[in-house]
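Values reported hereafter were calculated over all heavy atoms of this structure, with side chains retained and with hydrogens, waters and symmetry mates removed.
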Amino acid sequence: MVALLLLLLLVPLLLFLAAPHIRKMLSSGVCTSTVQLPGKVVVVTGANTGIGKETAKELAQRGARVYIACRDVQKGELVAREIQSSTGNQQVLVRKLDLADTKSIRAFAEDFSAEEKHLHILINNAGVMMCPYSKTADGFEMHMGVNHLGSGVTAYSVHPGTVNSELIRHSALMRWMWRLFSFFIKTPQQGAQTSLYCALTEGLESLSGNHFSDCHLAWVSAQARNETIGRRLWDVSCDLLGLPTD
């Protein structure tokens, strides 16, 4: 009986001591690029929290003019001031963007085009997960409307890993599990590494359209590699948004 009690006490202690090493092992991908970005213009969607915030902070640290594109402008302004203070880069700006409303998306694009001549880096970080059933302003199911139709098509897709962020805010079960296993889950800074890798690493142009995880090329299913399916998805998506397919 005493041995069992000691074991029950010892296991959590060992897990606690091993947790930093396990987290480091699970967070093996690190962006090592030293590229600096003075004069470059960057847009990061959903950068008012979590992975997006850490991504925007790192890009600002490298000298870029960073636009935080988010739905909650007030929260975005607080984050912008925080990044300005920590990096010394005052060119961190906030603009309204609601991916659940195509009118907001078009307004953002038009205003940005009037404000800037070039966009050098676009990171479509914003997204939703496990929302209660709801629809966007245009009548699309929320996950489909925000994560796919709202964000559009990207040059690279990335999987940040299991990250402690607000993405799980709609699920009480996931929040509980994240707290229970918090020692083994990536921080937002660790979760931002693959996005930064794809945005900053030189020589990745030939790999455009691929999927990355932990700063490495990652496997995708045969369906995801099927050009016919991809073209059909593109055509259907454009049709839903009233856009030309070419």
### Any donor-acceptor N/O pair, Ser85 side chain to Arg81 backbone, under 3.5 Å
no

### Query
Between Ala60 and Val92, which heavy-atom pair has the shortest distance, and what is it?
CB-CG2, 3.9 Å

### Query
What's the shortest heavy-atom distance between Cys31 and Cys215, and which atoms?
N-SG, 3.9 Å

### Interatomic distance, Asp138 atom CG to Leu241 atom CG [nearest 0.5 angstrom]
8.0 Å

### Task
Ignoring hydrogens and angles, tell me if any N or O in the side chain of His143 forms a donor-acceptor pair with the backbone of Met130 under 3.5 Å.
yes

### Message
Under a 4.0 Å threshold between the charged nitrogen and the carboxylate oxygen, would Arg62 count as salt-bridged to Glu58?
### Response
yes

### Query
Nearest heavy-atom pair of Gln61 and Ser86: which atoms, and what distance?
OE1-O, 4.2 Å

### Residue pair Leu240 / Phe140: nearest heavy atoms and the distance that separates them
O-CZ, 3.5 Å

### Side-chain touch Leu233/His148, heavy atoms, less than 4.5 angstrom
yes

### Query
Just by distance, do the side chain of Thr136 and the backbone of Met142 share a donor-acceptor pair under 3.5 Å?
no

### Query
Going by the angle between their ring planes, with limits at 30° and 60°, are Phe212 and Tyr197 parallel, tilted or perpendicular?
tilted

### Query
How long is the gap from OG1 on Thr55 to NZ on Lys57, to the nearest 0.5 Å?
11.5 Å

### Check: Asn48 side chain, Ile68 main-chain N or O, donor-acceptor pair, under 3.5 Å
no

### Query
So, Asn147 side chain and Gly127 main chain: donor-acceptor pair closer than 3.5 Å or not?
no

### Query
How many angstroms lie between CG in Asn210 and SG in Cys198, if you round to the nearest 0.5 Å?
9.5 Å

### Query
Mind checking whether Leu93 and Val66 have side chains closer than 4.5 Å, heavy atoms only?
no

### Message
With clusters defined by side-chain heavy atoms of hydrophobic residues (ILVMFWY) lying less than 4.5 Å apart, directly or transitively, does Val44 cluster with Leu200?
### Response
yes

### Message
A quick test of your reading: do over 12 heavy atoms of other residues, nucleotides or ligands sit less than 6.0 Å from CZ of Arg225?
### Response
yes

### Query
Hey, quick one: are Val42 and Val35 part of the same hydrophobic cluster, counting side-chain heavy atoms closer than 4.5 Å, chains of contacts allowed?
yes

### Query
Please walk me through it: do Ile121 and Leu37 pass side-chain contact (heavy atoms from CB on, under 4.5 Å)?
CA-CA 10 Å; Ile121 298 174; Leu37 302 171; 4.2 Å; yes

### Task
Measure from the side-chain N and O atoms of Asp101 to the backbone N and O of Asp98, and report whether any donor-acceptor pair falls under 3.5 Å.
no

### Query
How far does CG of Leu97 sit from CG of Asp111, to the nearest 0.5 angstrom?
11.0 Å

### Task
List the steps and the verdict of side-chain contact (heavy atoms from CB on, under 4.5 Å) for Arg65 and Lys40.
CA-CA 6 Å; Arg65 179 158 66 254; Lys40 302 298 184 182; over 6 Å; no

### Task
State plainly whether one hydrophobic cluster holds both Ile83 and Val73, where clusters connect Ile, Leu, Val, Met, Phe, Trp and Tyr through side-chain heavy atoms under 4.5 angstrom apart.
yes

### Query
Would you say Asn89's side chain and Gln84's backbone share a donor-acceptor pair under 3.5 angstrom?
no

### Query
Between Leu243 and Leu149, is there a shared hydrophobic cluster once you connect ILVMFWY residues whose side-chain heavy atoms come closer than 4.5 Å?
yes

### Query
To the nearest 0.5 Å, what is the distance between CD (Gln189) and CG (Leu196)?
9.5 Å

### Query
Phe112 and His118: which non-hydrogen atoms are nearest, and at how many Å?
CZ-O, 4.0 Å

### Query
Is Lys135 atom NZ crowded by more than 12 heavy atoms from other residues, nucleotides or ligands, each under 6.0 Å away?
no

### Task
Look at the side chain of Thr194 and the backbone N and O of Asp214, then say whether any donor-acceptor pair between them is shorter than 3.5 Å.
yes

### Query
Can you find a pair of side-chain heavy atoms, one from Glu77 and one from Val94, that are under 4.5 Å apart?
yes

## Note on the structure
Between Gly203 and Ser206 the two heavy atoms that sit nearest each other are O-OG, 4.3 Å

### Message
Please say yes or no: joined through hydrophobic side-chain contacts below 4.5 Å, possibly via intermediate residues, are Leu119 and Phe108 part of one cluster?
### Response
yes

### Task
May I have the step-by-step check of side-chain contact (heavy atoms from CB on, under 4.5 Å) for Tyr133 and Glu141, ending in yes or no?
CA-CA 7 Å; Tyr133 180 77; Glu141 188 277 327; 3.9 Å; yes

### Query
At what distance, to the nearest 0.5 angstrom, does OG1 of Thr87 lie from CD of Glu82?
10.0 Å

### Task
Give the intermediate values and the outcome of side-chain contact (heavy atoms from CB on, under 4.5 Å) for residues Ser151 and Thr45.
CA-CA 9 Å; Ser151 293; Thr45 67; 5.6 Å; no

